[in-house]
Amino acid sequence: MKNSPSLDEQLEMHRKMVVVRRLEERLGELHKAGKTRGPIHRCDGQEAVGIGATAVLGASDFVTSTHRGHAHYIGKGVDIRGVTAEILGRATGTCGGRAGHMLIGDRDKGMIGGNAIVGGSIPAATGMALSIQVRGTADVAMCFFGDGAAQTGICHESMNMAGLWKLPVVFILEHNQFGLTVHHTVQSPVADLSLRAAGYAMPAEIVDGNDTVAMYRAVATAVERARRGEGPTLIEAKTYRMQGFSTSDMGGYQSDADLADWNRRDPIQVSRGALADSVSTERLDQIEAGAVAEVDAAVEEALAAPLPTFELFTRSSPYATAPEAV
Amino acid sequence: MKNSPSLDEQLEMHRKMVVVRRLEERLGELHKAGKTRGPIHRCDGQEAVGIGATAVLGASDFVTSTHRGHAHYIGKGVDIRGVTAEILGRATGTCGGRAGHMLIGDRDKGMIGGNAIVGGSIPAATGMALSIQVRGTADVAMCFFGDGAAQTGICHESMNMAGLWKLPVVFILEHNQFGLTVHHTVQSPVADLSLRAAGYAMPAEIVDGNDTVAMYRAVATAVERARRGEGPTLIEAKTYRMQGFSTSDMGGYQSDADLADWNRRDPIQVSRGALADSVSTERLDQIEAGAVAEVDAAVEEALAAPLPTFELFTRSSPYATAPEAV
Amino acid sequence: MAMMRYAEALNQALREEMQRDPSVFLFGEDIGRYGGVFKVTKGLMDEFGESRVRDTPISEQALAAMAVTASMTGTRPVLEIMYADFMPLVLDALINQASIYEYLWQNVTMPFVLRTQGGGGAGAGAQHSKSLDSLVAHIPGIKVVAPVTPADAKGLLKSAIRDSQPVVFLEHKLLYNLRDEVSDDPELLVPIGKAKTVREGTDVSIFATSRMVLESQKAAELLAQDGISAEVIDLRTLRPLDLDAITASIAKTHHAVVVNEGWRFCGYAAELSATIMDFAFDDLDAPVARVTLPDMPVPYAEPLELSVLPNAARIADAARATLK
Amino acid sequence: MAMMRYAEALNQALREEMQRDPSVFLFGEDIGRYGGVFKVTKGLMDEFGESRVRDTPISEQALAAMAVTASMTGTRPVLEIMYADFMPLVLDALINQASIYEYLWQNVTMPFVLRTQGGGGAGAGAQHSKSLDSLVAHIPGIKVVAPVTPADAKGLLKSAIRDSQPVVFLEHKLLYNLRDEVSDDPELLVPIGKAKTVREGTDVSIFATSRMVLESQKAAELLAQDGISAEVIDLRTLRPLDLDAITASIAKTHHAVVVNEGWRFCGYAAELSATIMDFAFDDLDAPVARVTLPDMPVPYAEPLELSVLPNAARIADAARATLK
Ligand SMILES: Cc1ncc(C[n+]2csc(CCOP(=O)(O)OP(=O)(O)O)c2C)c(N)n1
Ligand SMILES: Cc1ncc(C[n+]2csc(CCOP(=O)(O)OP(=O)(O)O)c2C)c(N)n1
Ligand SMILES: [Mg+2]
Ligand SMILES: [Mg+2]
């Protein structure tokens, strides 16, 4: 089938999903043990969206993310050790502990970056696509955003310009049914938000967001279109958030039936099923065990790493208010 | 035909269009004579949109307008003498000369009001519709906004909420082909902006914006729907701005062919044509002459009126920064 | 009188005002079914229904603009903006809309309240920890309050809801669990524009709002150990300012420290310093000391965040410096 | 050297920088075919094409956010926001985006310029006449400049475009037609962060930016008639401030007037007053006088608007009052 991932790519996506899942689970435990700081937004159940979409990209492509970015970070190649240490506020984190889990950025990997202003990832990628177009390279920019973020004004403004200027950007709407605790039916009168793409003369596709292979195929088509100068695409990935909004969410509004339903379509199980014909169970178990061990090592390393120490800016800092002030 | 205006209503719309046209022409002359202040946004050629749409409303309905609001003000019943004096910055103006032509508001007439932040009229009417829904009356709110304003984020946010909550609001998109000097094709990749209404589960209709009767019919249907609690409607009125963006516009970007084309469809001539079978030429001439005389009198009166004088606020003013400050 | 948390006091104020006046309604993200991420609106949707307590889409810009015009047309909306960091999204509604109509049109009133919460100390990072007080306090025609006690939270929120002008109501994420006595008299209002002396002193005046009042009180304890008598004034209202309370205290102490959790440059503390310059210069024996966040983003990791937030030690140091 | 209008000087700066550096591009409403509503970008689309000079939809919020990330990824965008009154729409991009990344990520730079114009005097009404300087000057990591002469306009705009940090470039609608000598040396830059003494004096220091420098110069003339020697300092840069220039002047005159066309409360003049309190209190013989717009919307009618705008007479009065 057109744009299908190679077996190696599929296995790598599988491995990365397990990395992310393990990270989320460990963060859940660490939170319960009082070892995390601030709210943490897990993406259990949604891994295939971020991992599948980023698998298509090259090193010089750009990705912008949200408050729920762990799969996007790992998908775009940010080091799991740096990510883990950053989430745990360590000096060894990707951003030295300054940013925290919602704002991880890694310029060298093209992941710039997490964004906890809902909707913020959308103009961010659109602006990068503008830069790509002005400079005339064949790169693309990709943003992830939620069904909640789709209701922000900046989403409309960005998509209109992307469609108008045929910018090389791929919009990945990660439709996990909720914006914070509020169900999508209470946020928008239309269930399939991708129908709005027509208003920007932009093609759109609804994709099973729990299937890395489906994500890969749809995104690959969109990326090719963008690289050819034919403009943006909106991919609406239907998925479900299996955990609370964040570690401080007291829950109570997700139905058991929905949870059970989506649990049956766990993206890691879907991926295992798809690989079953080509790869032995042992090989898959081995890959998964490797992923788990990698995360566990990253967690231990981060917990043992030093906390950052504060240094006040000097007058040469961009934050100085006066050239001579300290 | 359903929701057609009565002959009296049609004549009144005709009269009001002539009032607005005469006002615009006089303002053009006064500007050339150096007797106006700041940029003035004329709506020559677009009168049928504002006059036709507001003709449907009752006194307790609300209207919000733009920087180009003269037809909306007159349509909603604001006194031409107050409007003229306000535009000319007189103490006798609707707002005592404080507001100027872009920001005229008249609470008693339900015109609140002009808004020179592009897009600002849209949430303004939506908020009034929310108030109506919370209070449970059968009023409606109506906003006018341009094809340029349709690209603002706040338009998206407002329409989504209006569709979601089925608010009693009628959105009148006054598509005059330009946002300031920029043609609509350079602002949006879609020509018919009303196709976006589907993204808010909202009905939409494209209407000949140079025909008061067509406007009246479409808006009457929308207003009835809103009063029945069935939610918002988007009316896209196709029209054309026959003058520059404002009195300071140096022009040069509107094609002669387009101007000639739209001139043939001048809304006042369209209206005359529609009335020709039922009303004598003499009667129409008489109505028009009356309208012209009314405006001319308002202009003379305003020019003779005193300029406002400034009084600094006292501590009881809402603008005081300290209860005891002067 | 009853002991209750700051969040509960706010909840009680909302409930009482909604019971009293059917034109009061609430809207905001997650405030309905869930009861608000800080639980301030808990139970209110059940009591008052889905029309008067609305969960909204994530659309701060339009929501704020809608509050303005809903308030002009017969209702008293109370809008919750989840974090003060999102205030930039509502500033057009405040600066270009709410601020102008009372002057331009005069016969309109805009009785709406915009509640939000800001501040650091919870590890929420650079986009969820800011105090942007001066952005809103800069706007003519908008009142701004920031209570620190549960009783003031209740009394000021009730005053804000009954006020005919727009009021921005600033809460603090670290205050919601603070417990204290709160009156159950539904007519007990705390007036907007009146400061409160929370500790009397003679050597130096410390002016603060919101959580910084607590740090200032701790600073006064530290200073007392050194034999320095600090007066702590909880301004409660950022705009309009209680000038009399400020000048009277400085007339007594001749030294002033102004504390604000926001940035220093063009921040709210700058206005306090300039106001004191305007109205109490001759009484000053030393320059007013500003204690604020440094001009930088709020960092995430605990040691970094704690290093930048204004606290009792830094306030006490500043007070000592003015007395040198 | 050539005589040219302020708008032409800006145009020349843009043209030269675009010729020098292909990564510089312009976008904004009506800047292309029409050449900008104040004609600053006239002829540039013809010279540099539609990719590097873009007319945009009316979408300030996204445009500003796009400037931030375009600047992170290899280009130097110059965005025009038509009126400073619309700055609230871009504040999220500045406060929650541009302000934080240099600290959080460190290995990114954000070399973008946001040009806008503000101020009153043209009868443009409450939504098109504001100076909102303090809103942007409050933001860490953003430089803010506001030149008054054509030469400084050119030199500072070129510096801004070459800077690796975000720069907000504040113009004034009443300055565009001001004519003066401008250098045609394409390497002549005016440094950001350096004030300029435009008139030497010994009795009182007047600090201003943008059009208020002209009013301050006129005020100095009025004062000279009374035998008062006023020093006028054009700060040119609002952030980072040239502290040395401020303190040196006050050390000489012992009296200060700070002028800003924006609102008073929490306005830019408050920061100047507080800064002087911080760094020059002992040199002051009288409180710093603030001359600003009153805290109210800018009215439309000429006599009203002229009554509220700060002008030479009010500045001179304030200077005299400090010398009483
Ligand atoms: C502008 C803004 N408004 C509100 C919030 C608070 N908030 C954080 S995440 C969130 C829900 C976002 O929903 P969605 O976009 O669907 O992302 P999801 O959490 O489902 O991944 C909200 C309301 C915010 N961070 N930014
Ligand atoms: C937020 C904002 N951005 C830009 C402007 C400047 N401006 C005033 S009118 C206008 C064009 C509006 O176009 P449209 O909505 O189509 O209205 P029209 O002028 O055609 O009636 C622009 C860009 C503004 N007033 N407000
Ligand atoms: Mg979601
Ligand atoms: Mg238009």
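Letters A, B, ... mirror the listed sequences (proteins, then strands); counts begin at 1.
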Pairwise distance CE(B/M161) to CD(A/Q187) - rounded to 0.5 angstrom
10.5 Å
Give a yes or no answer on whether the side chain of A/E157 reaches the backbone of B/G153 with a donor-acceptor pair at less than 3.5 Å.
yes
What pair of heavy atoms forms the shortest contact from A/P189 to B/N160, and how long is it?
CD-OD1, 3.2 Å
Contact residues of residues 191-200 of chain B (partner chain A; heavy-atom separation under 4.5 angstrom):
B/L195, B/R196, B/A198, B/G199, B/Y200
About how many Å separate CE of B/M159 and NE2 of A/H156, when rounded to the nearest 0.5 Å?
8.0 Å
Taking atom NZ of A/K166 as the centre, report whether more than 12 heavy atoms of other residues, nucleotides or ligands fall under 6.0 Å from it.
no
What one should report as the nearest heavy-atom pair of A/T185 and B/L164 is O-CD1, 3.5 Å
Side chain from CB out, backbone as N, CA, C, O: work out which of these in A/A150 comes under 4.5 Å of a heavy atom of chain B, or both, or neither.
backbone
Which residues in residues 110-143 of chain B have a heavy atom less than 4.5 Å from any heavy atom of chain A?
none
